Amino acid sequence: MKLNLTSILVRDTQADRIVPPTGFTARLTLIAAAAMAFLTVFALALSLASGRLAARWGGELAQSSTLRISAPAEQMAAQTAAALRVLDTTPGISLARALSAEEQAKLLEPWFGPDLPLETLPVPQLIEIAETAEGYDAAGLRLRLQTEVPGAVLDDHGRWRRPLERAAARLRLLGWASILLIGATMAIMITLAANAALAANAQVISVLRLIGAQDDYIAEAFVRRFTVRALSGAAAGTVLGCGAVLLLPAAQAEGGILTGLGFQGVAWLCPVLIPPIAAAVAFVATRGAAHRTLSELS
């Protein structure tokens, strides 16, 4: 008889009597599967949120630049107009717009409060630049600005975007690595539990062999029981994990990376895969342990 996951999930009352339904190994399998599934939900949420974070940061900073003009008050208007003329004639720039005093005050409000007297402070003039899909020559534009608008400083956001995207990518990689480690840990714990159950039932296995039971039949009984336990435990852990994720703060601009760590949209379907994957891991781990232990007991 060959073992496969489909036949394992079909209940065999007679074969199930071989494996004790309660005891240390049953509790260990259920608790381990539930705990690992719970942790997997959070690792999966972290990985998916990191991907969204990298896309959001890249989307917000890509194809946009900022020009900052620092000049005496009496020269600010002239330099701003000169900068806009340069930007309007630069290939690769689709829009250049000087921010109003109200817009600049709103940008500074999170750090200095709503009552900052901008009119009495030497605040630089900011110009928002939107690029075309092809982009522009930043080095060439800087040379033109140095000549025509000495007080202008171009920021193409590259120094901000690249480190943020790298950090988000590493967070995503860490999440997937955590999922792999969690799966390996669950496989090890279920293997230990299966070995303990097989060793504790060595005399029962000997009697079954004497009356003609094949090792495949005995192994199937153990694999079925441990696979179903892992599936049940993982389902419970996944439900608890999803409930905990729902308690996390929703995405907020003010919260930055500390919010929006849950699942969004169709990503909620991903945790549904955790219990069957846990059952598959338990199936493979228990199958190997069962055949190895049975060969040792021969």
Side-chain angles (χ1 to χ4, degrees), residues 3-13 16 19-53 168 171-194 196-197 220-252 255 257-287 289:
L3 295 180
N4 58 74
L5 193 56
T6 303
S7 64
I8 288 300
L9 296 177
V10 178
R11 183 175 177 82
D12 187 338
T13 305
D16 285 346
V19 188
T22 59
F24 168 74
T25 57
R27 291 193 298 271
L28 176 61
T29 305
L30 286 170
I31 294 173
M36 296 301 105
F38 185 87
L39 294 175
T40 301
V41 170
F42 280 94
L44 185 60
L46 173 64
S47 298
L48 296 176
S50 299
R52 292 196 305 270
L53 198 60
L171 277 175
R172 180 168 46 190
L173 178 62
L174 177 62
W176 289 114
S178 299
I179 292 173
L180 292 177
L181 289 175
I182 290 169
T185 302
M186 185 176 71
I188 292 171
M189 297 182 72
I190 292 176
T191 299
L192 293 175
E220 184 179 358
F222 280 91
V223 174
R224 178 188 298 108
R225 181 60 63 88
F226 279 88
T227 300
V228 172
R229 287 172 182 170
L231 180 63
S232 303
T238 301
V239 171
L240 292 174
C242 290
V245 167
L246 284 173
L247 299 177
L248 294 175
Q252 298 175 5
I257 64 173
L258 299 179
T259 59
L261 295 180
F263 301 103
Q264 295 182 6
V266 295
W268 277 105
L269 297 177
C270 293
V272 177
L273 301 175
I274 295 176
I277 292 175
V281 170
F283 171 79
V284 173
T286 311
R287 181 182 182 183

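Hydrogens, waters and symmetry mates are skipped; everything else that's a heavy atom, side chains included, is used. For the single chain, residues carry numbers from 1 onward in sequence order. Just so we're clear, the structure is a prediction, and the values are computed from it rather than from any experiment.
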ask   = Is the closest side-chain heavy-atom distance between Leu39 and Met36 below 4.5 Å?
value =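 A side-chain contact exists here, since the closest heavy-atom pair is under 4.5 Å.
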Distance from [X] atom [atom1] to [Y] atom [atom2], nearest 0.5 Å?
| X | Y | atom1 | atom2 | value |
| --- | --- | --- | --- | --- |
| Thr29 | Arg27 | OG1 | CZ | 11.0 Å |
| Trp268 | Leu48 | CH2 | CG | 11.0 Å |
| Met186 | Ile277 | CE | CD1 | 9.0 Å |
| Ile190 | Phe283 | CD1 | CZ | 13.0 Å |
| Leu231 | Ile274 | CG | CD1 | 12.5 Å |

Tell me the closest heavy-atom pair linking [X] and [Y], and the distance in Å.
| X | Y | value |
| --- | --- | --- |
| Thr238 | Ala37 | OG1-CB, 3.7 Å |
| Leu30 | Arg229 | CD2-O, 3.2 Å |
| Pro271 | Leu44 | N-CD2, 4.1 Å |
| Thr227 | Ala279 | CG2-O, 3.6 Å |
| Phe42 | Ala244 | CZ-CB, 3.4 Å |
| Ala43 | Ile179 | CB-CG1, 3.6 Å |

message = Has Ser47 got a side-chain atom pairing as donor or acceptor with Trp176's backbone, closer than 3.5 angstrom?
response = yes
